[in-house]
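Accompanying notes for the structure given below.
Throughout, protein chains are lettered first and strands after them, A, B, ... in sequence-line order, and every chain is numbered starting at 1.
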Protein chains: 2
Amino acid sequence: MPAAIHESRPNRRGVEVRERVLRTAWEAFSREGFRACSLARIAADAGLSQAGLLHHFPTKEDLLLAVLRWRDELELDQVGRTLPTHTGLSVLSRLLRLVEINVELTDVVRSFTVLSAESVSEGHPARDWFRARYTRVRAAVADALQSGVDSGEIRAGTDCHAVATEVCAVMDGLQLQWLLDPGAVDMVALFRDYARRLDAALRNPAREAPDTPDGQDTRDTGDTPGGTAPSAAP
Amino acid sequence: MPAAIHESRPNRRGVEVRERVLRTAWEAFSREGFRACSLARIAADAGLSQAGLLHHFPTKEDLLLAVLRWRDELELDQVGRTLPTHTGLSVLSRLLRLVEINVELTDVVRSFTVLSAESVSEGHPARDWFRARYTRVRAAVADALQSGVDSGEIRAGTDCHAVATEVCAVMDGLQLQWLLDPGAVDMVALFRDYARRLDAALRNPAREAPDTPDGQDTRDTGDTPGGTAPSAAP
DNA sequence: GTCTATACGCTGATAGAC
DNA sequence: GTCTATCAGCGTATAGAC
């Protein structure tokens with residue numbers, strides 16, 4: 001098959017352009033939300049024309065969904081791998097670490113805050129994605145906590161799924177207030193206080209008490225050293 | 001001054017129209033966000049033309065700010081009066097009551113979630129309003145808690161402002177997850193669990209322990225019986 | 001694959017009659 | 001005060017040359 005020589009499906013150049021567009025679109029959606037920002041602007045920032053962009057992603061909605069799918073892959077590569085390795089209450093330390101990373105990544109946090117809230121509208125194209133995302137994140141945190149119950153570190157009878165939902169809520173809620181007023185809201189300190197109190201409440205009193213999530217924790221948290229943009233809303 | 005007979009500044013008819021437009025705009029902004037919804041649609045739903053609407057509110061931004069100011073008045077009439085009457089840990093019962101009311105007011109909650117998140121964008125017209133709102137709400141809750149510290153009900157040394165910020169975060173974060181997936185998130189039960197645990201952590205152990213925020217609380221919470229749309233995000 | 005040119009709807013806002 | 005008529009501008013999306 002000599003024709004296969006110029007096979008163009010996984011074209012190297014094409015993949016590069018596609019990825020550059022995805023990254024640019026993600027940043028644009030972050031700053032202004034999906035509905036408010038224009039394809040022309042994204043195309044210009046990515047260094048091609050609007051028509052050129054629409055060659056790769058036929059509609060704006062297709063672009064959004066592609067961006068979310070792309071974020072999914074990045075996230076699963078990072079959080080999806082590091083989070084489940086922490087079991088029991090150490091998951092709180094891991095999440096505190098995530099907050100410490102997020103406080104340096106304002107744009108990423110704003111992305112999730114703006115897009116997730118926008119997506120609660122009826123019929124929003126990202127709604128299913130965010131619902132699935134929260135379902136998955138809650139389950140991951142709940143699983144980590146449940147293994148703590150199983151090992152006896154956490155009190156028996158703890159509703160792990162409820163606690164997981166609450167922890168996600170605290171992270172998201174703090175992000176909103178922090179974005180609105182960074183000077184008035186010390187997101188890291190606030191989450192640390194919350195995590196400490198939660199740790200104390202969940203810990204099984206019938207056992208010795210070792211590591212609390214106090215930020216002085218120096219164990220390996222499974223992060224890549226540079227911290228390449230992990231998940232924002234937990 | 002016979003000319004004063006047809007004084008038209010606080011025209012009764014004009015006030016009615018104005019209020020109808022505000023209510024309609026509030027509902028529209030709720031469903032779709034500020035940027036996504038059009039003046040033409042709001043005008044039609046309020047029963048007048050777009051030009052007629054712009055006679056009362058010269059620009060779309062003016063309309064948004066008027067809506068927010070109008071909500072402010074409603075809110076101050078209700079929460080602003082009832083919240084400060086609860087001091088110490090009873091403020092948690094009051095906030096639980098608020099969550100119970102909000103779970104019946106999906107549209108109001110969606111309003112606050114969509115608009116507040118949209119407002120974190122740089123230069124958004126509602127940004128200052130939401131920042132000021134959170135500053136005020138945090139202070140109100142913190143004041144209530146502080147009087148609990150003063151009376152000895154709450155542990156000495158409690159950082160009331162930090163706790164107030166956290167409580168607001170939990171309410172907002174739960175609202176987001178609940179709006180995305182009402183069947184999977186029991187907002188009232190989750191906030192009740194959180195409030196109970198917080199109550200236990202803050203309560204001064206040197207004193208007897210009376211009322212916990214358990215929803216069986218039948219004391220008067222200061223609400224009007226019908227519950228006419230109080231604040232959503234705390 | 002990428003471009004220029006363009007179609008065409010909808011946006012917020014204005015002018016002026018009634 | 002409210003309307004109809006109209007504006008310029010920007011939005012997404014398409015057609016067709018290269």
Side-chain angles (χ1 to χ4, degrees), chain A residues 3-25 28-29 31-67 114 118 121 123-126, chain B residues 3-26 28-29 31-68 115 118 121 123-126:
Chain A
I5 285 176
H6 52 287
E7 173 98 61
S8 63
R9 202 48 51 159
N11 188 327
R12 201 156 60 88
R13 175 75 187 145
V15 170
E16 280 172 19
V17 171
R18 223 183 117 91
E19 188 137 334
R20 196 171 65 237
V21 169
L22 288 173
R23 197 167 348 105
T24 308
F29 291 156
R31 283 192 303 269
E32 314 168 57
F34 168 66
R35 290 188 166 125
C37 80
S38 74
L39 288 177
R41 183 54 177 266
I42 295 170
D45 288 353
L48 78 173
S49 72
Q50 191 217 34
L53 189 158
L54 287 173
H55 170 75
H56 295 279
F57 307 96
T59 71
K60 193 186 184 187
E61 193 169 315
D62 288 331
L63 176 59
L64 173 62
L65 294 176
V67 165
V114 171
E118 188 180 4
S121 305
H124 192 284
Chain B
I5 286 177
H6 51 288
E7 173 98 62
S8 64
R9 202 46 53 162
N11 188 325
R12 201 157 60 89
R13 173 81 186 141
V15 169
E16 279 172 21
V17 171
R18 223 183 117 92
E19 188 137 333
R20 196 171 65 237
V21 170
L22 288 173
R23 195 164 353 104
T24 308
W26 168 248
F29 291 157
R31 283 193 303 270
E32 315 169 55
F34 168 66
R35 288 186 168 127
C37 80
S38 73
L39 290 177
R41 182 54 177 266
I42 295 170
D45 288 354
L48 78 172
S49 73
Q50 191 217 35
L53 189 157
L54 287 172
H55 170 75
H56 295 279
F57 309 96
T59 71
K60 191 186 183 187
E61 193 170 316
D62 287 330
L63 175 59
L64 172 62
L65 294 176
V67 164
L68 295 175
L115 280 179
E118 188 180 4
S121 304
H124 192 283

### Which residues share a side-chain contact (heavy atoms from CB on, under 4.5 Å) with Ala126(B), sequence neighbours left out
Leu64(B), Leu68(B), Ser119(B), His124(B), Phe130(B)
Using distance only, find each side-chain donor-acceptor pair of residues 37-56 of chain A under 3.5 Å and give its atom names and separation, not counting sequence neighbours.
{"residue": "Ser38(A)", "atom": "OG", "partner": "Arg41(A)", "partner atom": "N", "Å": "3.2"}
{"residue": "Ser49(A)", "atom": "OG", "partner": "Gly52(A)", "partner atom": "N", "Å": "3.0"}

### Query
Does any pair with a residue in residues 54-64 of chain A pass salt bridge (charged side-chain N to carboxylate O under 4.0 Å, His left out), and if so which ones, sequence neighbours excluded?
none
### Task
Could you tell me whether the side chain of Glu118(B) and the main chain of Phe34(B) form a donor-acceptor pair under 3.5 Å?
yes
### Task
Summarise how protein sits on nucleotides 2-16 of chain D as a single string, 5' to 3': B when a protein heavy atom is under 4.0 Å from the base, S for sugar-phosphate-only contact, - for no contact.
BBB------SBBB--
### Message
Quick check: do Leu115(B) and Trp26(B) have side-chain heavy atoms less than 4.5 Å from each other?
### Response
yes
